[in-house]
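Numbering of residues begins at 1 and proceeds along the displayed sequence.
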Amino acid sequence: MESAPFLPFRRCRRWTTSLWLLAAFAAPLAATPAAAEAVLGGDGAGRLPIIDSHYHVVQGFDGAELLAVMDRNGVRLAGGAGGNNMPAMMALGRRFIRPAGQHAWKSTHRSLDATDFANPESPAVQQMLATIEGELRDRGARVIGEIHVNALTTAADPTSRFKVAADSGTLQALFALAARYGRPLNIHAQWNHPDTVRQVGALAASSPQARLIVSHCGSVSSAADMRRFLEQYPNTACDLSARGWPLQKNRYAVYDERTLERDWQQLIEDHPDRFVVGVDLAGNPQDYETSVQAIRNGLLANLTPATAEKVAHCNAEAWFGLH
């Protein structure tokens, strides 16, 4: 199968004439104050490079299969969220966004009671922080995550279905570590528990110079929920993984294979520097390809050209230091 003519990476300051022309002829969504400009449309979205910023490299792929489906679908890099398929991760080489911390976080949580786990001076927590720091310092990790804070009903893996205080001393120490190395912290915090939302805000405020990414944009959040949060805490952002078809085919979906919810479109257009895309979980080429095509045709095609490019890859380049 011949690859599509995806545009090469370049500086994310301006668009090529060809993409602007494609956008000019795309059918726009009904105008909203921040999105009166024509949306990019399917042709333009089909040519954008994508960075898959939240993908777990899981069992089911071998490295050659994963690279082939990424190449067919214009995905330049993938990762940023942990995984258990070491051969495939190694096969990706420099196209893998190396994460740190998920395994250490979960194994330490299993070994401690709630009080010790929340205390950054606990010996086991100190060891966990040292392990994660080593990944950042010595092994090129680009992000700490995905760190499960509240995934009681929204984690695929049963071992991740727990809830801890998102503003604990341990979380604040982890976020301070992210700040020290200039890397984001990505947390899974579902938005249907008000105490978790308050605590995530306190965590964001604890290291305002660091970037806090909320996995799946809160999993069950509304656009209004995320607008309040993003506007209150300027160092926060979110990834849109598991908020689209086919992974999240329910009332919490933000986009499907053709359309983007209007209130989310407005939110993304109002804050184009705060969102990235991700596949999350796909263990075979068909599922991966279907997810990427929904990202293109449901999400990116329904954004204005400059916003679509930021969400597709420019924001990820900046957040993870991929220039």
Side-chain angles (χ1 to χ4, degrees), residues 4-23 26 34-35 37-55 70-71 73-81 94-99 142-143 145 182-186 210-217 226 230 234-241 243-244 254-255 260 264-280 291-323:
F6 299 107
L7 293 175
F9 276 132
R10 61 193 181 282
R11 291 188 182 274
C12 293
R13 293 180 181 176
R14 62 177 179 266
W15 277 64
T16 63
T17 302
S18 60
L19 273 183
W20 281 112
L21 289 172
L22 285 168
E37 179 190 339
V39 297
L40 180 58
D43 288 341
R47 298 181 63 207
L48 275 178
I50 283 177
I51 293 179
D52 180 356
S53 298
H54 187 128
Y55 178 60
M70 288 171 61
D71 287 342
N73 288 278
V75 178
R76 303 309 195 204
L77 299 96
R94 297 183 65 179
R95 295 176 66 179
F96 180 53
I97 305 169
R98 187 180 181 89
R142 297 287 177 169
V143 56
R183 300 301 184 207
L185 171 63
N186 184 311
R211 178 175 279 107
L212 183 66
I213 305 171
V214 179
S215 290
H216 324 307
C217 286
M226 293 313 299
L230 294 174
N235 61 327
T236 61
C238 67
D239 71 57
L240 288 158
S241 65
R243 295 302 296 268
V254 170
Y255 62 91
L260 171 63
W264 281 91
Q265 183 232 19
Q266 183 71 62
L267 175 61
I268 297 167
E269 292 290 349
D270 288 347
H271 297 283
D273 299 315
R274 311 286 282 277
F275 295 88
V276 291
V277 297
V279 169
D280 191 26
S291 294
V292 173
Q293 290 307 310
I295 288 170
R296 288 192 184 281
N297 299 321
L299 175 59
L300 299 175
N302 289 306
L303 298 173
T304 56
T307 296
E309 185 169 37
K310 287 183 175 183
V311 175
H313 68 93
C314 289
N315 290 341
E317 290 177 22
W319 298 2
F320 302 132
L322 300 173
H323 299 293

side-chain contact (heavy atoms from CB on, under 4.5 Å) partners of A312, counting only residues at least two apart = L48, I50, L300

List for me each residue that meets side-chain contact (heavy atoms from CB on, under 4.5 Å) alongside P99, sequence neighbours excluded, and say none if there are none.
-> F96, V143

Apply side chain to side chain donor-acceptor pair (under 3.5 Å) to D273 and list each qualifying residue two or more places apart in sequence or on a separate chain.
-> K310

Compare every heavy atom of R243 with every heavy atom of H216, then report the nearest pair and how far apart it is.
-> O-NH1, 3.0 Å

Between CG of D280 and OG of S291, what distance do you get to the nearest 0.5 Å?
-> 9.0 Å

Parallel, tilted or perpendicular: which fits the ring planes of W264 and F275, with parallel below 30° and perpendicular above 60°?
-> perpendicular

Heavy atoms, side chains only, cut-off 4.5 Å: are T307 and I268 in contact?
-> yes

Under a 4.5 Å cut-off applied to non-hydrogen side-chain atoms, are I213 and H54 in contact?
-> no

For N297, check side-chain contact (heavy atoms from CB on, under 4.5 Å) against everything at least two apart and list the hits.
-> Q293

Residues two or more places apart in sequence or in another chain: which of them pass side chain to side chain donor-acceptor pair (under 3.5 Å) with R183?
-> none

Between D52 and G278, what is the shortest heavy-atom contact and its length?
-> OD1-CA, 3.2 Å

Could you pull out all residues at least two apart from S215 that satisfy side chain to side chain donor-acceptor pair (under 3.5 Å)?
-> N186

Looking at side-chain heavy atoms only, is the closest gap between L303 and L260 below 4.5 Å?
-> yes

List the atom of G321, the atom of R142, and the distance in Å for their closest heavy-atom pair.
-> O-NH1, 2.7 Å

